[in-house]
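Keep in mind that what you see is a predicted model, and the values were worked out from it rather than measured.
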Amino acid sequence: TLAGRVHFTGFVSDDEVKEHYRGARALVFPSFYEGFGLPILEAMSFGIPVISSNRASMPEVGGDAVRYFDPDDADGFVGAIEDVLEKRWAPDAGKYRAQLGKFSWEKTGTRYRELIAGLAAR
């Protein structure tokens, strides 16, 4: 059972989030749908392994730097976690840096301003 092994935190401050990432062996992100997978980038910035479903925005956010699985496949899900915990898969720091470099608040703000200006010009 999960009793005693899973702790539901409720609200977590930014400093507490950082401590959780620093102490994590991996981020496991078994989502079926996300508008954007910000936790993937957060975990990558701490250099921890990212294990994510291969749905929605996750492959775009994680690129080829993440260990993916099909969330409909329980054995694949377990296998992905085992690959990381048993060191059969580890993140590549260069791939993490390259993927993280694709995203920034500045780039996002610039792109939104461009989109809004384009809509206003119509």
Subject >> Side chain to side chain, Q99 and K102, heavy atoms closer than 4.5 Å >> reply: yes
Subject >> Spacing of CE belonging to M58 relative to CZ belonging to F36, to within rounding of 0.5 Å >> reply: 11.0 Å
Original post:
Do you know the tightest heavy-atom contact between E42 and Y21?
Top reply: OE1-OH, 2.7 Å
Subject >> S53 to Y68 - nearest heavy-atom pair and separation >> reply: O-CD2, 3.4 Å
Original post:
How would you list, by chain and number, every residue that makes a side chain to side chain contact (heavy atoms under 4.5 Å, CB included) with D15, sequence neighbours excluded?
Top reply: S13, K18
**OP:** Look at the side chain of K107 and the backbone N and O of G101, then say whether any donor-acceptor pair between them is shorter than 3.5 Å.
**Re:** yes
Subject >> Option passing side chain to side chain contact (heavy atoms under 4.5 Å, CB included) with I51 (candidates L85, D83, I81) >> reply: I81
Original post:
Is there a donor-acceptor contact under 3.5 Å from the side chain of Y96 to the main chain of I48?
Top reply: yes
**OP:** Give the intermediate values and the outcome of side chain to side chain contact (heavy atoms under 4.5 Å, CB included) for residues R25 and V84.
**Re:** CA-CA 9 Å; R25 291 177 64 190; V84 169; over 6 Å; no
**OP:** Measure the NE2-CZ distance between H20 and F46 for me, rounded to the nearest 0.5 Å.
**Re:** 11.5 Å
Original post:
Hey, what do you get for CD (E16) to CD (E19), rounding to the nearest 0.5 Å?
Top reply: 9.0 Å
**OP:** Calculate, to the nearest 0.5 Å, the distance between atoms OG1 and OH belonging to T108 and Y112 respectively.
**Re:** 7.0 Å
Original post:
What is the minimum heavy-atom distance between G79 and R88, and which atoms define it?
Top reply: O-NH2, 4.4 Å
**OP:** Answer whether the closest heavy-atom distance between the side chains of D64 and K95 falls below 4.5 Å.
**Re:** yes
**OP:** Step through the shown structure and confirm whether more than 12 heavy atoms of other residues, nucleotides or ligands are within 6.0 Å of CG on D72.
**Re:** yes
Original post:
Taking only residues two or more places apart in sequence or in another chain, which ones pass side chain to side chain contact (heavy atoms under 4.5 Å, CB included) with R97?
Top reply: A93
Subject >> Residue pair I40 / G62: nearest heavy atoms and the distance that separates them >> reply: CG2-CA, 4.1 Å
Subject >> Single-linkage hydrophobic cluster, 4.5 Å side-chain cutoff, L27 and V78 together >> reply: no
Original post:
Is the closest side-chain donor-acceptor distance between T110 and R113 under 3.5 Å?
Top reply: yes
Subject >> N54 side, atom CG; R67 side, atom CZ - distance, nearest 0.5 Å >> reply: 10.0 Å
Original post:
Does atom CZ of F32 have more than 12 heavy-atom neighbours from other groups under 6.0 Å away?
Top reply: yes
**OP:** Could you tell me which non-hydrogen atom of W89 sits nearest to which non-hydrogen atom of V66, and how far apart they are?
**Re:** CZ2-C, 3.8 Å
Subject >> More than 12 heavy atoms of other groups within 6.0 Å of E114 CD >> reply: yes
Subject >> Closest contact, heavy atoms only, V61 versus G37 >> reply: CG1-O, 3.6 Å
